[in-house]
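Below is one structure, written out as structure tokens, with a few remarks after it.
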Amino acid sequence: MPELPEVETIRRDLARELPGRRIVQAGATGARSIRRHPDPVSFRAAVEGTTVEAVRRWGKYLLLDLSRPAPASVVVHLGMSGQLLLSSTTAPVVPHTHVVLGLDDGRDLRFVDPRTFGEVFVGSDASLAHLGVDAVDGLHSGAQLAAMLARRNTRLKPLLMDQGFLAGIGNIYSDEILHAARLRYDRTSGSLSPADVRRLYRAMTGVLRSAIEQRGSSLADSQYRDAFGAVGSYQLSHRVYGRQGGGCFRCPRSTIVRVKTGGRSTFFCPGCQH
DNA sequence: AACTGTCCCTGCAAGC
DNA sequence: TGCTTGCAGGGACAGT
């Protein structure tokens, strides 16, 4: 399930390959993937003949900035199972390929998404106005985080996953961050001491930066791949996610527990998270 | 305002 | 073996 580190890995791949490339052909066969467009024709018309100028990320969204009509970008959200793959135009088209952008260098950018929770559309930054600051690029100090937390009083995990509060953190990284910060998922933001907030800030930046360095987490069922189809390695560094029944790496006498909350699985160590 | 449950969707694994 | 069931989850939404 692509979260900020996975999307940032893809962004870095594409930022080396796409700027200056012209989109010579655009096709969309998956109506649900381009659900913000009335039909594939309008999507194609907005994209074909444009040049990609930059590749940006905001939270879990990728933006391929187009030369026209300014300001417009191809906005991509990978949902749970989305992949954005650079491949030769002649490579076989795998099942669940919903959008194909043909480039002027003989390659395609293909959007593949079996579960169709992801989407692709042409839009401006205004279409992402509901997002909070980016959890890496927009968060600069523990004091800033403390001020943000002071405006809310709610459980930490849903707050970290609230894209309007902080953009980019999902189920896996919220659990990893909270374990690194030694805080329980159900601690309320209003109950945090200044030292707690400092640990949370350091855990957040530390976990996300390490995960980016290791090119994200590829799990058995999520099929996360970078733009060249390669897997990440941060799953090898997970301390709690998917480790229920295993020993805690920080306090080895404790066992990682899995609970269901808010309709999602949460993993934590009852021994060292409070 | 905060929280829970439901839905969308496919692939995979467990159980009968 | 072959079927059914449950589970995974990002985000929108309805209901409490």
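All values reported here derive from a predicted model rather than from experimental measurement. Below, chain A is the first sequence line, B the second, and so on; all start at residue 1. Just the heavy atoms: all of them, side chains too, but no hydrogens, waters or symmetry mates, feed the values below.
Rounded to whole Å, the distance from NZ on A:K157 to C1' on C:dG10 is 13 Å. Atom CG in A:L166 sits about 16 Å away from atom C1' in C:dG10, given to the nearest Å. Protein atom OH of A:Y224 is 15 Å distant from nucleotide atom P of C:dG10, rounded to whole Å. Note: CD (A:E6) to C1' (C:dG9) measures 13 Å, nearest angstrom. When rounded to the nearest whole Å, the span between CE of A:M80 and C1' of B:dT10 equals 10 Å. Here the P atom of nucleotide B:dT6 and the NZ atom of A:K260 are 12 Å apart, to the nearest Å. Distance CZ (A:R151) to P (B:dA2): 13 Å, rounded to an integer number of Å. Put simply, CG on A:L219 is 16 Å from C1' on B:dA13, counting in whole angstrom units.
Contact annotation: A:Y241 side-chain N/O to C:dG9 OP1/OP2 distance is under 4.0 Å. Phosphate contact (OP1/OP2 of B:dG11, side-chain N/O of A:H96, threshold under 4.0 Å): present.
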Taking N or O atoms only and anything under 3.5 Å, show me the protein contacts with nucleotides 11-14 of chain C, one pair per line.
| unit_1 | atom_1 | unit_2 | atom_2 | d |
| --- | --- | --- | --- | --- |
| C:dG11 | OP1 | A:H77 | NE2 | 2.7 |
| C:dG11 | OP2 | A:K60 | NZ | 3.2 |
| C:dG11 | N7 | A:R264 | NH2 | 3.4 |
| C:dG11 | O6 | A:R264 | NH2 | 3.0 |

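Side chains of A:R209 and A:T205: a donor-acceptor N/O pair is absent below 3.5 angstrom, by distance only.
The list of ring pair (Phe, Tyr, Trp, His ring centres under 6.0 Å) pairs with a residue in residues 173-215 of chain A, not counting sequence neighbours, reads A:Y173-A:Y234, A:Y185-A:F268.
Contacts of A:F43 classified as ring-ring contact (aromatic ring centres under 6.0 Å, His included), with partners at least two apart in sequence or in another chain: A:H37. Checked against salt bridge (Lys or Arg N to Asp or Glu O under 4.0 Å), A:R239 has no partners two or more places apart in sequence or in another chain. The ring-ring contact (aromatic ring centres under 6.0 Å, His included) search around A:H77 returns A:Y61, not counting sequence neighbours. For A:H274, there are no side-chain contact (heavy atoms from CB on, under 4.5 Å) partners two or more places apart in sequence or in a different chain.
At a threshold of 4.0 angstrom between heavy atoms, the contacts of A:D113 with the nucleic acid are absent.
Considering only the side chain of A:R152, B:dA2 comes nearest among B:dC9, C:dG10, B:dA2. Minimum atom distance to the side chain of A:S265 is reached by C:dG9, of the listed B:dC9, C:dG10, C:dG9. Comparing B:dG11, B:dC9, C:dG10 by their nearest atom to the side chain of A:P114 picks out B:dG11.
Projected onto DNA chain B by closest heavy-atom contact, A:P158 and A:G263 fall at different nucleotides, the more 5' of which corresponds to A:P158. Where A:G262 and A:R32 each meet DNA chain B at their nearest nucleotide, the meeting point lying more 5' is that of A:G262.
Note that OH of A:Y224 and CD1 of A:I10 are 5.0 Å apart. Values are rounded to the nearest 0.5 Å.
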